[in-house]
Structures are given as structure tokens and as C-alpha cells.
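Below is one structure, written out as C-alpha cells, with a few remarks after it.
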Amino acid sequence: MFNFPFSLQTFFVDIILPVPIPGYFTYRVPKDWEAYVQKGIRVVVPFGTSKVYTGVIVAVHSNPPTKYQAKYLLEILDEYPLINDKQLDLIEWIAGYYMCTPGDVFQAALPAGLKISSQSKIQLNPTFEEWEQLTEKESVFCNFLKEKESCTFDEAKSFLEVKSPYYLIKSLVGKSAIFVFDELKDRYSPKIIRKIRLTEYYTHKEHLTQLIGVLEAKPKQLAALLLYLQHISVLRDPSLNAKGLDKKIFTQSEISESSIQTLLKNEVFEVFEQVISRFSEGDDELIPTKFELSNAQNRAFQEILKSFETKDICLLKGVTGSGKTEIYIRLIQEALANGDQVLYLLPEIALTTQIVMRLKKIFGEQLGIYHSKFSDNERVEVWKSVAEGKYSFIVGVRSSVFLPFNNLGLVIVDEEHETSFKQTDPAPRYHARDVVTILAKMHQAKVLLGSATPSFETYYQAKNDKFGLVELNERYGETLLPEIHLIDTKYAAKAKQMNGGFSEEILDKLRVNLEAGKQSLLFQNRRGYSPYIQCQLCEWIAQCTQCDVSLTFHARDKELKCHYCGYKETLPTRCGACGGTSLQTMGYGTEKIEEEIQMHIPGARIGRVDLDTTRSKTAFQNLILDVQNGNLDIIVGTQMVAKGLDFDGLSMVGIFDADKIINFPDFRAHERAYQLITQVAGRAGRRGAQGEVYIQTNQPTHALFQAIIDGDYEGLYQEEIVEREGYNYPPYVRLIRLVIKHVEDTKAKKAANDLGNLLKQNFGAGRILGPEKPLIEKIRNLYAQEILIKIENGVSLSKFKINLRENLDLAQSWPSFKGVQLIVDVDCL
DNA sequence: AGCACGCCGACT
DNA sequence: GTCGGCGTGCTC
């Protein structure tokens with residue numbers, strides 16, 4: 001760091017601000033603070049006329065900006081860097097690669113609790129006495145604060161009727177009249193639970209046995225004591241008493257509050273408070289960490305280590321149920337023993353389940369979990385714990401790539417092919433799997449990509465020796481791959497073997513399974529009751545008012561909903577066109593499947609697993625528990641079940657809309673269909689028994705089904721890769737998608753056309769596809785057009801992107817781009 | 001992205 | 001005559 005004690009130079013800092021404006025922002029450092037500014041610390045700055053933001057310093061220098069007057073910093077939030085150099089480098093890399101601003105990345109990288117903004121609170125110092133030191137304006141403001149207890153920057157601004165209250169506030173802070181507390185300190189409070197334990201006296205065996213004798217006459221108190229001893233066997237080991245028992249456990253059993261109170265009064269029990277981390281699920285005993293790998297697993301494990309000697313990235317391609325997890329665990333143990341940090345990325349839904357419980361049991365306190373359903377408090381807690389080194393192992397979703405690692409040794413990306421690793425909606429539109437390879441390079445860490453059905457991009461790299469490749473082709477134990485049956489729905493319909501959407505075969509199988517006490521899973525990749533409702537007279541279909549899609553009927557809420565914009569309306573009784581009353585639900589969603597199966601198979605206990613039934617944090621876990629405990633016979637679900645559920649009991653899987661998946665208009669449709677169907681099918685038949693899978697389709701001769709039945713990933717890959725090469729699709733080219741949006745259809749088309757022509761001129765028509773209307777032309781009243789850019793392998797991506805950015809900037813200055821939104825999606829899926 | 005400045009319709 | 005609609009342009 002610079003340190004010129006008598007320097008006449010003025011210091012400036014370049015900072016990242018959470019705004020979608022390219023580049024960094026230069027601010028001036030007040031003379032007194034020169035010693036405190038440093039790369040990686042957060043600062044609060046004024047921005048525009050009335051806003052304050054938290055930014056992070058990326059550079060300290062003494063070059064005044066020439067084109068504008070730099071403003072002063074308002075506040076310094078950290079003593080030490082909160083964001084380390086590698087993180088700053090990663091932010092910059094992502095912004096460059098994904099063609100967004102550092103601010104976009106910063107916004108995604110930091111939990112909100114670490115980004116105070118205009119909402120920061122101001123409070124009067126209660127011990128403040130020296131009112132005579134204040135200016136008139138200041139004392140008026142302080143009196144206002146006295147009344148209000150606290151106020152926000154915004155409130156202060158409107159009260160003071162000035163454009164920027166920060167100078168006055170700063171002066172008051174200097175006089176110790178007020179506090180500005182960053183919301184971090186305010187919002188972030190540790191969680192405390194109340195526990196009960198024996199007083200020290202009764203931890204002695206003789207006192208305790210004596211007590212039990214005395215309580216013989218008081219059965220209720222005795223019951224309470226015995227319940228305690230049942231959970232905490234103090235007689236066996238008095239030191240266990242220190243752990244205590246959650247008060248809830250008493251109240252949940254038959255023990256009355258009054259008997260507890262009596263025991264507390266008589267100083268048998270005492271209450272104490274414990275600060276708990278928000279996600280340590282109790283203090284389960286750690287299970288023994290030594291387990292044997294099977295021969296196949298051990299061979300794979302050794303091969304991975306070998307591959308890491310020469311390559312940084314390795315693909316582990318292991319069939320469902322081959323026991324990849326044990327191999328991961330072994331690698332994680334090695335890395336941790338080595339003193340390295342480990343990051344284990346999972347798709348969101350997989351994270352709520354058993355695997356995390358299992359890892360928690362093995363790795364205990366060193367394991368931190370980073371999940372999108374966690375509150376902001378919890379995220380800040382994880383962030384700090386990683387920075388402090390409390391967690392050396394993180395299991396998390398996409399965004400955990402931004403955590404403050406300083407010594408990463410191993411990154412595992414499980415279910416590597418999952419599209420949820422790519423962020424689609426707000427920028428940065430990054431792919432965690434790809435970001436992780438850069439992150440790992442910075443840390444000189446190894447990356448293991450795991451999947452039963454790798455993405456073709458990844459497999460291509462492995463095949464071409466860029467990544468290591470290790471295969472695990474046998475299922476763990478003796479379990480056989482499920483037997484897959486195709487049901488020809490066209491034929492079944494002719495033979496009168498269809499019952500609505502269900503073939504007799506599936507219904508029969510469900511009945512047989514139910515009688516045998518076995519569980520079944522039905523897969524329908526569409527939530528709600530029916531994907532559309534239609535008038536039987538005039539064929540009118542209820543459409544969303546803001547989007548170019550039909551409305552899905554949700555029976556539970558008796559509403560029509562748009563799955564794209566969230567629009568809702570109550571179920572109409574009349575046709576929107578002819579006024580007729582014969583509206584009918586068309587097609588099948590999970591709700592309707594659930595209802596009809598209930599009708600066909602009365603007595604079956606049916607559970608539904610889709611976005612609608614698992615919105616809350618615990619709902620999904622409760623459903624899983626119900627399945628595990630055998631409280632459900634049939635589970636109906638969307639792709640959530642394919643990805644989230646992982647247990648033994650399922651003996652049969654039924655798949656309904658296979659045709660929809662296969663015929664999806666996208667060059668990756670076959671790859672995706674293979675992955676999804678294989679994944680769903682893989683839910684059937686674990687631990688010994690062979691499972692059965694029934695797929696309803698009207699094109700049973702489709703080659704894809706044969707590949708799925710044979711588990712012939714390789715064959716499908718070979719076939720598809722030829723097509724990809726022939727038609728110039730990934731992995732032979734990189735794709736960048738441009739989306740052009742406008743409220744007016746014609747304006748979107750005009751802008752897209754103009755841009756398309758420019759790009760064709762400058763990059764060659766062969767590289768530009770479109771403009772074309774996307775699958776859904778209008779969402780939230782915005783019409784969209786798409787342009788696809790193909791960049792063949794070997795072309796310098798960074799140069800291409802700089803060139804592309806210039807073209808885009810030029811286009812956006814055109815009159816035809818007025819009011820047009822332009823989205824850039826690099827490596828779009 | 002916000003948010004201010006700025007230029008045209010329905011209200012006291 | 002004003003309040004307020006959202007079009008456009010800037011933010012270190």
C-alpha cells in the first residue's frame with residue numbers, strides 16, 4: 001500500500017458499484033482516510049443526486065480523473081479486505097467473459113446484508129450531551145431523531161429538504177451526536193435457543209439416583225426427568241449433561257409445562273441459552289468416516305488422482321447409482337486433510353435432500369451450506385465463516401462460486417449437465433461450471449465434474465483429452481439398471497386401452513405395486529391442473545393478457561395462471577370469444593394426474609412434488625420424509641422429482657410426456673431428453689431389486705428410446721456430434737444470444753433487423769442466425785426477437801467480444817434502438 | 001437500474 | 001393557470 005506521510009498528492013480509489021453501468025468509478029479519498037483505503041474493502045459513496053451505494057475498492061492511485069470531478073467517499077466500512085484479490089479477479093473475468101458490467105457481477109456476488117444502501121439507518125446517540133456544539137440545522141434534525149428513534153437516509157433527506165444529507169450526517173457523526181449503523185450489524189443477529197439441563201449437583205450419580213427415589217411419589221416430574229435421561233444419559237457419562245436438551249422436546253411429549261417449572265424451581269433443572277449456527281441441524285453424532293470403496297469405485301478413485309497429475313479438470317461419468325458420492329467423499333477428505341478448501345456445487349433442488357444430511361454427518365462443523373432458500377442473514381453467516389476459515393468445505397448452489405475462498409484445493413460439480421448452473425435472468429448470465437474452472441485455476445485447484453449423462457460440451461472436451469475422463473459403468477452393489485417398457489399410446493388408444501391420459505398397463509402396474517406395498521413415481525413435466533382451457537364451441541383458448549402463452553389452470557386455487565409473468569385470474573365460466581359455457585380443461589398437469597389416479601386407484605396415498613407444493617423451505621423435506629417413512633404410495637411430480645429425490649423404495653416409474661421432451665424445438669432436445677428420462681428412470685429400483693420404468697409415447701420407434709433403454713449414451717453422442725459439427729453447433733462453436741425487446745412488435749423487429757444486418761456485414765452472414773422470433777414472442781408485454789452468433793473454435797473470444805461490444809454500442813445509438821432493451825447471453829443454453 | 005429534468009393533457 | 005404523465009439521458 002502507498003504510504004507517503006507528507007504527501008501532497010490526493011488519493012483516489014476505483015470502485016465497483018452495484019449498477020449496470022460499464023467500468024469502475026473513481027472517488028476521492030478524504031485526507032484523513034488515506035491510511036485506511038485498500039483494495040477489497042467496502043466503502044459507501046454518494047451516487048447521482050440522491051443515492052448512496054456500497055462499493056468495493058479495486059484500486060488505489062493518485063491519478064485524478066480528467067473528464068469529471070470525483071466525489072468524496074462517505075464512509076469506510078471495513079478495516080480489512082472483505083473481498084480478496086482472487087474474488088476481484090473473478091468478478092472482472094466474469095464481467096469480461098459474459099459481457100456484463102462488474103457491477104452486475106458484484107450485485108450477484110455479495111449477499112444483500114453486505115451491501116448497505118440508502119436504506120441505512122441513522123440513530124441518535126442516547127448519551128449525547130453537547131447540544132451547544134451543534135449548528136441550528138443539526139440540532140433541529142437531532143430533535144427530530146429523538147422523537148423518531150431512528151430514520152433512514154431517505155427520511156433524513158426529505159426531513160432536511162436538501163438534496164444530499166450526507167454532509168450534515170457526517171458532521172453529526174464526527175460530533176458523536178448520532179450513529180449511522182450499517183444494516184449488517186442491525187440485521188445480522190445470531191440465533192439463540194433455550195435448553196434445559198440438570199444442575200451441577202444432580203450430575204453426580206448418587207445425588208441423581210437419590211432424586212429418582214424421591215420423585216417416585218411425583219410421577220409427572222419423574223417422567224420429565226426420565227425423558228431427559230433418555231436423551232442425555234448422564235448416568236453413563238455426566239459430561240453429556242453440558243449439551244442439555246432443547247426445551248421443545250419436553251413440550252412436544254406429554255410433559256406439562258408446570259412439572260418443568262417445578263423442577264426448575266427446585267433447582268433440579270436449569271435453563272441456559274445457546275447460540276447456534278442457523279443451519280447446524282442439532283449435534284448429530286458424526287458417523288465413522290471410514291468406509292470401503294468397492295473395487296470399481298476404488299479403481300475410479302485412483303484414475304481420478306492419476307488424471308489430476310496431468311490435468312486440472314476431470315470428468316467422472318458414472319451411471320446412476322454407481323456410487324459417485326463415496327468417491328467425492330474420499331477426494332474431499334484428502335483435500336481437507338491437505339489443508340485445502342473444498343467447494344461442492346449441486347443444482348438447487350438436489351441440495352435439500354439426503355446427500356447434504358449425509359455429508360453433514362461425515363464432515364460436521366467444517367461443512368457450510370449455501371442455499372438460495374436461506375435468508376440473507378444466513379448467507380452473511382456462511383460468507384463470514386468461509387472468510388474466517390470456520391468452514392473449509394462448502395456445499396452450495398451456483399452462487400457459492402462467489403464465496404471468499406482463499407485456498408481452494410478441490411471443486412466438485414455434481415450433475416454437471418444440469419442447466420440450473422447457468423443463470424438466465426438478470427446479468428451476470430454465468431455458468432457456474434465454467435466459472436469454477438477459472439476460479440480453480442486462480443487457486444491452482446482441481447475440478448471434478450460428475451454426471452451420469454454429461455453435457456455434450458463436457459464430454460467433447462474429455463474425449464479430446466482436454467479433460468481427464470473416468471468412467472464408472474456398474475451400479476453399486478448388485479442393483480440392476482431398471483427395465484424400461486415403452487407403451488405405444490396410439491396403439492393403446494385404438495385398442496381401447498387408454499383411460500384418459502393413462503394406459504391400462506400403467507394403471508395395472510400401479511395397482512399391483514400398491515398391493516405389494518411398493519411405491520411408484522409418476523413423472524409429468526408440467527405443473528398445475530391443465531396447461532390450457534378451451535371452449536368446446538369455438539376453440540377459443542384462455543391466453544395471458546401480457547404474454548403470448550396460454551394460461552394454466554390450477555385446480556387447488558381455482559385460478560388460471562401465467563407461468564411466465566405470474567398473472568392470475570379466477571376461472572372464467574364463459575368463453576372469452578363466443579360467451580359459451582362449455583369450457584374444458586385440456587392436457588395434463590401434475591394436479592390432474594394426481595386427481596385422476598386417485599379416481600382410478602382409490603385408497604392410494606398420493607403425494608405431489610412440484611413448485612406449487614414445495615415453495616416453503618421445509619415442504620420439500622417433509623414430502624421426502626413422507627416418502628421415506630412409507631406414508632405415500634404414489635408420488636406425482638415434475639422434473640423436481642428427477643433431480644431432488646434419491647431413495648430406495650421406488651420400484652416403478654411412469655413417464656407421461658416423453659414426446660413433448662423429445663420434440664422440443666432445440667438442437668439440444670435429444671441430449672436433454674436422454675438426460676432427463678435417464679435421470680427419472682434411474683429413480684426406480686435401488687438396493688437390490690430391479691425397478692421398472694413405463695414410458696408412454698406415440699413414437700415408440702424413435703431411436704432415442706432405444707438409446708435410453710440400452711443406456712447407450714456413447715451411441716447417441718456419436719450420432720448427435722456429427723450433426724453438431726455439420727450444422728455448426730456447440731461444442732464446435734460458441735454461441736452468443738442477443739435478445740432484443742420492445743413493447744411494440746414492429747419496433748423490436750426493426751431494431752433486430754438493423755442489428756442483424758450490421759453483424760452480418762461485420763462478422764459474416766454465416767456466423768449470424770436470425771433475427772427470429774423466440775419460442776414465446778411476448779412476455780410481460782415485451783415483444784422479443786433473437787439473434788444467435790456462432791463463433792467457431794479457434795477464434796479469439798476476447799477479441800471477438802470487444803469487437804461485438806463496439807457493434808452493439810453503435811447499434812444502441814441508432815434511432816431505431818430508442819427504448820429497445822438488448823440482452824447479451826454468452827454461452828446461452 | 002434509478003432518478004431527475006423536461007415537455008404536453010385533465011383538473012381547481 | 002397547475003399537477004403529473006412517462007420519454008430521455010446521466011450517474012465517478
Side-chain angles (χ1 to χ4, degrees), chain A residues 10-30 33-34 37 39 41-77 88 91-92 95 98-110 112 115-120 152-158 160-167 423-429 739-744 746-748 750-751 780-782 808-825:
Chain A
T10 308
F11 276 35
F12 294 91
V13 286
D14 293 342
I15 68 174
I16 304 179
L17 287 179
V19 289
I21 303 164
Y24 300 118
F25 295 83
T26 306
Y27 282 83
R28 208 168 159 166
V29 181
W33 293 357
E34 288 180 357
V37 289
K39 202 175 161 189
I41 69 173
R42 292 173 304 150
V43 291
V44 179
V45 296
F47 188 72
T49 45
S50 59
K51 279 171 292 179
V52 261
Y53 283 121
T54 301
V56 59
I57 300 180
V58 293
V60 182
H61 57 84
S62 51
N63 315 316
T66 51
K67 298 194 176 70
Y68 51 85
Q69 188 68 40
K71 291 184 181 171
Y72 278 102
L73 300 179
L74 284 177
E75 220 176 311
I76 294 182
L77 292 179
L88 293 176
I91 289 176
E92 194 172 321
Y98 291 103
M99 301 183 73
C100 61
T101 71
D104 287 327
V105 189
F106 179 70
Q107 187 73 294
L110 259 78
K115 289 175 295 200
I116 63 157
S117 63
S118 321
Q119 276 89 50
S120 299
T152 63
F153 269 89
D154 289 340
E155 286 168 324
K157 197 185 86 186
S158 59
L160 292 163
E161 293 176 326
V162 291
K163 284 199 168 178
S164 153
Y166 311 108
Y167 299 98
Q423 173 150 317
T424 42
D425 209 11
R429 300 183 172 77
V739 186
I740 296 97
K741 292 185 185 176
H742 196 279
V743 279
E744 283 173 58
T746 50
K747 293 229 170 112
K750 170 85 169 78
R780 290 175 198 273
N781 285 324
L782 283 176
L808 296 180
D809 288 346
L810 171 65
Q812 286 192 284
S813 71
W814 292 341
S816 64
F817 262 79
K818 282 247 181 296
V820 168
Q821 268 185 53
L822 176 65
I823 290 167
V824 185
D825 186 2

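Protein chains get the first letters and strands the later ones, always in sequence-line order, with residue 1 at the start of each.
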Separation of B:dA1 atom C1' from A:Q107 atom CD, nearest Å, is 9 Å

Can you see if the side chain of A:K51 gets near the phosphate of B:dG2 - specifically, an N or O under 4.0 Å from OP1 or OP2? no

Considering only heavy side-chain atoms of A:P20, the closest of C:dC12, C:dT8, B:dA1 is B:dA1

To the nearest angstrom, the OH-P distance between A:Y53 and B:dA1 comes to 11 Å

Sorted by chain and number, sequence neighbours left out, side chain to side chain donor-acceptor pair (under 3.5 Å) with A:Q821 holds for none

A:Y72 atom OH is separated from C:dT11 atom C1', nearest whole Å, by 20 Å

Open item on the list: Taking the side chain as everything from C-beta on, heavy atoms only, tell me whether A:V743 gets closer than 4.5 Å to A:L782.
Closed with: yes

To the nearest angstrom, the CG-P distance between A:D425 and B:dA1 comes to 11 Å

Here the residues of residues 21-29 of chain A within 4.0 Å heavy-atom distance, strictly under, of DNA chain B are A:I21

Considering only heavy side-chain atoms of A:T49, the closest of C:dC12, B:dC3, C:dG9 is B:dC3

Rounded to whole Å, NZ of A:K115 lies from P of B:dG2 at a distance of 12 Å

Student check: side-chain heavy atoms of A:W33 and A:V43 closer than 4.5 Å:
no

Go through the steps for A:K71 and A:V45 under the test side chain to side chain contact (heavy atoms under 4.5 Å, CB included), then give the verdict. CA-CA 8 Å; A:K71 291 184 181 171; A:V45 296; over 6 Å; no

Sorted by chain and residue number, the ring pair (Phe, Tyr, Trp, His ring centres under 6.0 Å) partners of A:F47 (sequence neighbours excluded) come out as A:F25, A:Y53

Rounded to whole Å, the CG-P distance (A:L822 to B:dA1) equals 11 Å

A:K67 atom NZ is separated from C:dC12 atom P, nearest whole Å, by 16 Å

Check your understanding: Where do A:V105 and A:C100 land on the side chain to side chain contact (heavy atoms under 4.5 Å, CB included) test, with the steps shown first?
Key -> CA-CA 8 Å; A:V105 189; A:C100 61; 3.8 Å; yes

Atom CD of A:Q821 and atom C1' of B:dA1 are separated, to the nearest Å, by 11 Å

If we only count heavy atoms from C-beta on, is the A:P30 to A:L73 side-chain gap below 4.5 Å?
-> yes

